[in-house]
Amino acid sequence: MSTQLNVAKFGGTSVANYHSINNCASIVVKNKHTKLMVVSAAAGVTNHLVMLANTALTSQQITDVIVSIRKIQVAILNELKRPSEVNDKLFELLDELDGYARHEEINYKDDLKDALMSMGERMSSLLCAAVLREHGVNAINFDVRKVMRTDDRFTQAAPDINTIKILSRQLLAPELENHIVVTQGFVGADAQGKTTTLGRGGSDFSAALLAEALGAATCEIWTDVIGVYTTDPRITDKARPLPELSFEEAAEMATFGAKVLHPATMEPALRYDIHVFVGSSKEPDKGGTWIKRNCEHEPAFRAITRRKDQVLVTVKTPKMMYAQGFLERVFHIIAKHDLSVDLITTSEIAVSFTLDNPPNSMSEKMNKETIVELSNICEVVIERDFDVVTVVGNNMHSSAGVSSRVFAAISDFNLRMICFGANVHNLSFVVGKDDSEDIVKTLHRALFE
Ligand code: ADP
Ligand code: ASP
Ligand code: MG
């Protein structure tokens with residue numbers, strides 16, 4: 001395999017319609033090292049599928065949602081120069097989707113939900129390969145389930161890195177010799193061959209995992225913004241794109257809410273030292289952000305992120321001072337449910353921590369079970385409607401005056417909890433959800449404008 005191999009991933013808005021897919025095809029064709037294209041579902045499709053999977057709908061409502069999905073896909077089909085090449089396959093996939101959506105147990109069985117949720121990527125990869133062929137390249141659509149082995153935690157599956165590596169080298173690498181391969185992000189399969197998914201936004205992670213498995217030099221994440229910004233450009237138009245970021249900074253940003261990258265994307269990149277590029281498929285000439293191990297500059301402040309939908313859990317036992325092993329029992333319960341605790345503070349009689357609680361997510365369900373179990377061993381207080389705002393940078397713990405600049409900027413706001421991250425890259429605040437946007441804007445003004 002060429003050591004200069006590039007894997008290019010295109011997100012939902014980049015493959016939303018025929019015109020956008022053409023932009024993606026031009027990007028792929030332009031770089032001779034790009035052999036693998038990883039695609040998301042067309043914008044909106046996964047949200048429709050989630051609705052079908054998680055909501056009890058009447059037959060008419062199911063039909064309406066499916067019609068919306070069909071419209072998106074058929075609009076692309078109809079613009080192809082040779083629609084007949086993929087027509088039958090697309091309608092076969094739409095029929096398969098229909099079958100899952102109307103299955104009587106669809107709202108109850110996670111394996112069925114994943115089979116349904118994978119359909120968006122399966123359709124978009126078929127159509128993207130067809131568009132690439134119009135650009136004169138020998139493109140094929142490859143079923144990623146042959147190589148993307150995961151465990152069977154449906155809707156939130158974890159990859160089996162070694163097996164992915166072995167299967168990719170056996171089954172995918174040979175295809176890259178003579179073709180440009182288009183495959184699905186987000187989708188995997190367990191050891192039994194059952195379809196799984198990697199969690200929302202998981203296509204970035206797929207691309208990084210495949211890049212690692214194939215020994216790629218670079219992985220490009222093409223999206224709707226010209227790189228990773230100082231903060232979400234939807235929060236303030238003063239946000240500006242960053243030319244470079246370190247793996248650690250990017251991982252921290254993703255973990256603490258920068259939706260532009262799935263939180264796990266940096267893990268394979270870091271393991272294999274794959275340089276990651278983030279740019280806009282609409283404006284590829286505007287450049288973007290390079291994420292790598294060592295940056296030229298390591299500024300104290302790099303970016304600000306916000307993560308919404310946090311619950312603050314406080315566990316109290318008056319006997320905590322004497323109760324040896326109490327913390328261990330608390331964390332045993334949290335770990336058993338596979339929840340990760342990012343922010344935590346302790347006092348002699350209480351421990352407070354945040355849990356990620358996006359509505360209708362797997363973690364929401366796990367959080368409920370965790371809280372019930374914790375209540376069996378101690379007093380538990382739950383507070384809702386919080387966001388976490390994080391300043392990401394370098395050496396924020398040790399440099400004089402760095403954190404005081406942050407605190408001075410937001411001294412007028414009510415900060416429910418303040419945490420220095422366990423590493424040197426993060427300073428986080430738990431704040432009321434109605435304040436978080438103003439806090440991000442205020443911090444951005446003080447640190448970056
Ligand atoms: P895709 O469908 O291509 O995966 P996403 O919607 O998942 O795209 O991610 C891109 C979006 O991430 C942007 O439109 C932007 O609003 C949001 N975003 C959040 N934080 C940042 C940030 N720091 N820099 C850039 N984009 C960000
Ligand atoms: N289509 C999936 C989602 O919308 C995965 C992705 O786009 O990354 O979550
Ligand atoms: Mg995304």
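When a ligand or atom number is given, it counts from 1 through the structure's own listing order.
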What atoms of ligand 1 come within less than 4.0 Å of a heavy atom belonging to V228?
-> 24 (N)
Identify, for atom 3 (O) of ligand 1, the protein heavy atom at the shortest distance, and state residue, atom and that distance.
-> T223 OG1, 2.7 Å
In L312, V341, D387, V313, the residue satisfying side-chain contact (heavy atoms from CB on, under 4.5 Å) with T354 is L312
Is K308 atom NZ crowded by more than 12 heavy atoms from other residues, nucleotides or ligands, each under 6.0 Å away?
-> no
If we only count N/O pairs under 3.5 Å, is K9 in contact with ligand 1?
-> yes
Report yes or no: does a heavy atom of G201 sit under 4.0 Å from some atom of ligand 2?
-> yes
Looking only at side chains, do S20 and N17 share a donor and an acceptor under 3.5 Å apart?
-> yes
Test: R307 cationic atom under 6.0 Å from F256 six-membered ring centre, within 45° of axis | yes
Show which atoms of ligand 1 fall inside a sub-4.0 Å distance from at least one heavy-atom site of M253.
-> 23 (N)
Distance from atom 22 (C) of ligand 1 to nearest protein heavy atom, with residue and atom | Y229 N, 3.7 Å
Presence of salt bridge, E383 and R416, under 4.0 angstrom = yes
Any G227 heavy atom less than 4.0 Å from ligand 1 = yes
Looking at D114, D338, D160, which one forms a salt bridge (Lys or Arg N to Asp or Glu O under 4.0 Å) with R153?
-> D338
With a cut-off of 6.0 Å (strictly less than), are more than 12 heavy atoms of other residues, nucleotides or ligands near CD of E296?
-> no
Counting only heavy atoms, which portion of E121 has something under 4.0 Å from ligand 2: side chain, backbone, both, or neither?
-> side chain
Which is it for P233 and ligand 1 at heavy atoms under 4.0 Å: side chain, backbone, both or neither?
-> side chain
Do K282 and N23 get their side chains close enough for a donor-acceptor pair, meaning under 3.5 Å?
-> no
Which part of R240 is near ligand 1, with near meaning a heavy atom under 4.0 Å away: side chain, backbone, both or neither?
-> neither
Return yes when G185 approaches ligand 2 closer than 4.0 angstrom through a heavy atom, no otherwise.
-> no
Give the residue, atom name and distance (to 0.1 Å) of the protein heavy atom nearest atom 21 (C) of ligand 1.
-> D232 CA, 3.6 Å
Considering only heavy atoms of S203, which atoms of ligand 2 have at least one such atom less than 4.0 Å away?
-> 5 (C), 6 (C), 7 (O), 8 (O)
With atoms numbered from 1 as shown, which atoms in ligand 2 lie under 4.0 angstrom from a non-hydrogen atom of R200?
-> 3 (C), 4 (O), 9 (O)
With heavy atoms and a 4.0 Å threshold, my read on which part of V225 contacts ligand 1 is side chain
Where's the contact between R234 and ligand 1, heavy-atom distance under 4.0 Å: side chain, backbone, both or neither?
-> side chain
Worked verdict on Q73 versus L90 for side-chain contact (heavy atoms from CB on, under 4.5 Å) = CA-CA 8 Å; Q73 309 293 191; L90 180 66; 4.2 Å; yes
Side chain, backbone, both or neither: which part of T231 comes within less than 4.0 Å of ligand 1 when only heavy atoms are counted?
-> backbone
Among protein heavy atoms, which sits nearest to atom 6 (O) of ligand 1, and what does the distance come to when rounded to 0.1 Å?
-> K259 NZ, 2.9 Å
Run down the list V260, I221, I235, D224 and name the one with the heavy atom closest to atom 13 (C) of ligand 1.
-> D224
Counting N and O atoms only, with roles assigned by atom type, does the side chain of R302 sit under 3.5 Å from a partner on the main chain of V392, one being a donor and the other an acceptor?
-> no
Would you say S40 and ligand 2 have an N/O pair spaced under 3.5 Å apart?
-> yes
Taking T55 for its side chain and L52 for its backbone only, find out whether a donor-acceptor pair lies under 3.5 Å.
-> no
Residue of the set D151, D110, D152, D111 for which salt bridge (Lys or Arg N to Asp or Glu O under 4.0 Å) holds with K194 | D111
Contact (N/O only, under 3.5 Å) between G12 and ligand 1 = yes
